[in-house]
Q: 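Supplied in structure tokens, the structure appears directly below.
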Amino acid sequence: MTRDLYLYNTLTRKRERFEPLNPPRVGLYVCGPTVYGDPHMGHARPAVTFDILFRYLRHLGYKVRYVRNITDVGHLEDELANEGEDKIQKKARIEKLEPMEVVQYYINRYHYFMDLLNTLPPSIEPQASGHIIEQQQMVKEILRRGFAYEVNGSVYFDLKKYSNKFSYGTLSGRVLEDMISNTRDLEGGDEKRFPLDFALWKKADATHIMRWPSVWGEGYPGWHIECSVMGMKYLGSYYDIHGGGMDLIFPHHECEIAQSTAVTGKPHVRFWIHNNMVTINGQKMSKSKNNFITLEEVFTGHNELLEKAFSPMTVRFYMLQAHYSGPLDFSNEALKAAEQGLARLMKGMKNLGKLKPSADSTVNVKALEVKAYDAINDDMNCPVVLAHLFEGTRLINAIHDGHEKISGGDLKLLRNFMKTFAYDIMGLKPENDQVSGDSGLSGDLIKMILQLRQEAKDRKDFAVADRIRGGLAALGIKVKDTKDGFEWEID
RNA sequence: GGUCUCUUGGCCGAGGGGUUAGGCAGCGGUCUGCAAAACCGUUUACGGCGGUUCGACUCCGCCAGAGACCUCCA
């Protein structure tokens, strides 16, 4: 019934059938944030993308270990030149905080906003700073195997030596020779034997705060080593899936592959999956371009590009309306459209509970379910899944209005289908449940006032009825008349 | 400069050689004291020029435009 799941593998540039290496277990590693700033729309994309994958793999019955790292050390401002400050340390200096204070603050922020987006927490969320010893061990092992060298207390990966035995650049489709001729700045760190060599361990100079003792002296790990180390520590030396933003393909993931391969002699990941970028006016949204919009700004509406606040589910829905592999352009209009669409879907979900079964069905629920599975199995085609959920919504409304009939068995099937796909797999959830207030004094007061308005309407005193409606509207309470009474909601 | 990708109707955004994506907006309608909401229905789309083909928006070539990576960024 569910058929096979196909995923696009960056490594082979093909869609491949997914099969766990060690069923029923699945190992999923995703690159998490570097915690030196507030999470923005760009961080939400991989979080949502791989949340869908996590949810769907679990839905298929796999025991998934989902590891998403936190980078809290070693990420320099300028990686190639091997200089520039550590991102965390820079923030700490500016804000006059302990580096770990910065880290903790942004981890908390990240968790808070990811939770609002209804992404499930990973099984393990390892921090680079908590795995210094393991990283040192791996660096030692790479050294022992002759794929690295030490200079003045720093250790660099020896790409020339590596590329004699293995090929570097397969993930990003690059050829080492081309890269040499095309590298903008061949000068870079003078300690390196070869310009494209990258740091595994860096000596900490006198001003560097984040430092750990090692056999090479006091220092800190290079950026790429943490993912090799933590992925293999928790998922084994060869695991199912590694995900992240496509901007990480080069050099981060390429270096990760090189490090892991240097140690085990083999690649460490079966499927590489990369989500595309969130753009704004067609340009990538990023820290360095300073064109990013934080999730807090979106959720509060405090940004000049936004004319109002948008809810977390609206953002989630908006992301799911595009396939993860394509760019997604951010705009107020797109979010507004998503908001309306989501509202329609959620109203359908609400009507679903009110449907009454008939003796027979005039709708084909089974076909709908099959199509939805086909869509999600086709490289997580969420836009098409949503299209089928809207088809389900259309059916629900038609049944609700008496244009179609549904049998008891089919109704059960339809409820299960809609809930499974909308809630369990797409990870959507109802929001704003203050409608038709049942909560507290103000809710009761509004209800009483509306009761009076109803009575005025019943005796055709529309002047009074309109005055009440207008008065409530001025207070931000929107009244909607229904067949058998009224509904209200706070704006 | 190198490598790669993209160009779909008013907007967002799927898709694939011949058969309805979907959402939003617009328009028409149902309902309603009015309004709002809701629901139903609905309009001409595939950058340009060639080629392959019985048939291409879908494959190939060229041109134009946009973008990504080649420093850090999800």
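Convention: sequence-line order gives letters A, B, ...; per-chain numbering from 1.
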Q: Side-chain polar contacts of residues 330-337 of chain A - donor-acceptor pairs under 3.5 angstrom, sequence neighbours left out - could you list them?
A:
| unit_1 | atom_1 | unit_2 | atom_2 | d |
| --- | --- | --- | --- | --- |
| Ser331(A) | OG | Ala334(A) | N | 3.0 |
| Asn332(A) | OD1 | Glu307(A) | N | 3.1 |
| Asn332(A) | ND2 | Glu307(A) | OE1 | 3.2 |
| Lys336(A) | NZ | Glu307(A) | OE2 | 3.1 |

Q: What donor-acceptor contacts under 3.5 angstrom involve side-chain atoms of residues 388-397 of chain A, with partners at least two apart or in another chain?
A:
| unit_1 | atom_1 | unit_2 | atom_2 | d |
| --- | --- | --- | --- | --- |
| Glu391(A) | OE1 | Arg394(A) | NE | 3.4 |
| Glu391(A) | OE2 | Arg394(A) | NH2 | 3.1 |
| Thr393(A) | OG1 | Leu389(A) | O | 2.8 |
| Asn397(A) | OD1 | Asn351(A) | ND2 | 3.2 |
| Asn397(A) | ND2 | Thr393(A) | O | 3.2 |

Q: Is there a donor and acceptor pair closer than 3.5 Å between the side chain of Asp466(A) and the base of rG33(B)?
A: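 By the distance-only test, yes, there is a pair.
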Q: Scan Tyr29(A), Phe50(A), Phe271(A) and name whichever one has a ring-ring contact (aromatic ring centres under 6.0 Å, His included) with His242(A).
A: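 Among the candidates, only Tyr29(A) passes.
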Q: I need the single residue from Thr10(A), Leu11(A), Val269(A), Leu248(A) that forms a side chain to side chain contact (heavy atoms under 4.5 Å, CB included) with His253(A). Which is it?
A: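 With His253(A) as partner, Thr10(A), Leu11(A), Val269(A), Leu248(A) yield a single side chain to side chain contact (heavy atoms under 4.5 Å, CB included), made by Leu248(A).
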Q: Paired with rC59(B): which nucleotide, if any, by Watson-Crick or G-U wobble criteria at under 3.5 Å for both distances?
A: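 rG51(B) - that is the nucleotide pairing with rC59(B), both distances being under 3.5 Å.
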Q: Asp329(A): what forms a side chain to side chain contact (heavy atoms under 4.5 Å, CB included) with it, not counting sequence neighbours?
A: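 Here the qualifying residues are Thr279(A).
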Q: Could you tell me how far rU3(B) sits from rG61(B) if I compare only their P atoms? Round to whole Å.
A: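 The same atom, P, in both gives a distance of 15 Å.
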Q: Below 6.0 angstrom between ring centroids: does that apply to Phe157(A) and Tyr162(A)?
A: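 Yes, ring centres under 6.0 Å apart.
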Q: With P as the reference atom in both, quote the distance from rC12(B) to rA56(B) in angstrom, rounded to an integer.
A: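 Here rC12(B) and rA56(B) have their P atoms 28 Å from each other.
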Q: Are side-chain heavy atoms of Glu125(A) and Tyr110(A) found at a separation under 4.5 Å?
A: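 In contact.
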Q: Classify the side chain of Arg469(A) and the base of rA35(B) as holding, or not holding, a donor-acceptor pair under 3.5 Å.
A: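 When only heavy-atom distances are counted, Arg469(A) does reach the base of rA35(B) through a donor-acceptor pair under 3.5 Å.
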Q: Considering only the P atoms, how many Å lie between rG55(B) and rA64(B), rounded to the nearest integer?
A: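 My reading of the P atoms in rG55(B) and rA64(B) gives 29 Å.
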Q: Across all strands shown, which nucleotide pairs with rU19(B) by Watson-Crick or G-U wobble geometry, both distances under 3.5 Å?
A: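 None - no nucleotide pairs with rU19(B), as no candidate has both distances under 3.5 Å.
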Q: Strictly by Watson-Crick or wobble contacts shorter than 3.5 Å, is anything paired with rC69(B), and which nucleotide is it?
A: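 For rC69(B), the partner nucleotide comes out as rG2(B), under the 3.5 Å rule.
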Q: At less than 4.0 Å, is any side-chain N or O atom of Asn397(A) found next to OP1 or OP2 of rA38(B)? Yes or no.
A: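 For rA38(B), neither OP1 nor OP2 has a side-chain N or O of Asn397(A) closer than 4.0 Å.
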Q: When you compare rG9(B) with rC27(B), how far apart are their C1' atoms, in angstrom units rounded to a whole number?
A: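 rG9(B) and rC27(B) have their C1' atoms separated by 15 Å.
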Q: Are any of the side-chain nitrogens in Asp158(A) or Arg193(A) under 4.0 Å away from the carboxylate oxygens of its partner?
A: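 A salt bridge is present here (some side-chain N lies under 4.0 Å from a carboxylate O).
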Q: Using a 3.5 Å cut-off and no angle test, enumerate the donor-acceptor pairs between side-chain atoms of residues 290-299 of chain A and protein atoms at least two apart in sequence or in another chain.
A:
| unit_1 | atom_1 | unit_2 | atom_2 | d |
| --- | --- | --- | --- | --- |
| Asn291(A) | OD1 | Ser286(A) | N | 2.8 |
| Asn291(A) | ND2 | Lys284(A) | O | 2.8 |
| Thr294(A) | OG1 | Glu297(A) | N | 3.1 |
| Thr294(A) | OG1 | Glu297(A) | OE1 | 3.4 |
| Glu296(A) | OE1 | Arg109(A) | NH2 | 3.2 |
| Glu296(A) | OE2 | Arg109(A) | NH2 | 3.2 |
| Glu297(A) | OE1 | Thr294(A) | N | 2.9 |
| Glu297(A) | OE1 | Asn303(A) | ND2 | 3.3 |

Q: Can you check the distance between rU52(B) and rC40(B), where both ends of the measurement are the C1' atom (answer in whole Å)?
A: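 Going atom to atom, C1' in each nucleotide, I get 45 Å.
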Q: So what does Val278(A) hit on the nucleic acid, given a heavy-atom distance under 4.0 Å: a base, only sugar-phosphate, or nothing?
A: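 Base contact.
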Q: Using a cut-off of 4.0 Å on non-hydrogen atoms, how would the nucleic acid contact of Lys347(A) be classed: base, sugar-phosphate, or nothing?
A: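 Sugar-phosphate: the residue Lys347(A), judged by heavy atoms under 4.0 Å, touches backbone atoms but no base.
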Q: Does the ring center of Phe421(A) lie less than 6.0 Å from the ring center of Phe417(A)?
A: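 Yes: the rings meet the under 6.0 Å criterion.
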Q: What integer distance in Å separates Lys460(A):NZ from rU32(B):P?
A: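 It is 11 Å, rounded to the nearest whole Å.
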Q: Taking rC11(B) as the reference, what is the distance to rC46(B) when you measure between their P atoms (whole Å, please)?
A: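 One P to the other, the span is 13 Å.
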Q: Is it the case that the base of rC11(B) and the side chain of Asp329(A) share a donor-acceptor contact (distance under 3.5 Å, atom types as modelled)?
A: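 A donor-acceptor contact between them is absent.
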Q: Please tabulate the protein-to-nucleotide N/O contacts below 3.5 Å involving nucleotides 64-69 of chain B, giving atom names and distances.
A:
| unit_1 | atom_1 | unit_2 | atom_2 | d |
| --- | --- | --- | --- | --- |
| rG67(B) | OP1 | Gln283(A) | NE2 | 2.8 |
| rA68(B) | OP1 | Lys284(A) | N | 3.3 |
| rA68(B) | OP1 | Lys289(A) | NZ | 3.2 |
| rC69(B) | OP1 | Lys284(A) | NZ | 2.6 |
| rC69(B) | O2' | Arg174(A) | NH2 | 2.6 |

Q: When rounded to the nearest Å, what value does the distance between P atoms of rA45(B) and rG22(B) take?
A: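 Going atom to atom, P in each nucleotide, I get 15 Å.
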Q: Could you tell me how far rG48(B) sits from rA25(B) if I compare only their C1' atoms? Round to whole Å.
A: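 rA25(B) and rG48(B) have their C1' atoms separated by 29 Å.
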Q: Each nucleotide in nucleotides 18-24 of chain B should get exactly one letter: B, S or -. Can you fill that in based on protein heavy atoms under 4.0 Å?
A: ---BBSS
Q: Describe the nucleic acid contact of Arg453(A) in one word from base, sugar-phosphate, nothing, applying a heavy-atom distance below 4.0 Å.
A: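 Touches a base.
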Q: Find the distance Ile249(A):CD1 to rU71(B):P and express it as a whole number of Å.
A: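 Distance check: Ile249(A) CD1 to rU71(B) P gives 15 Å.
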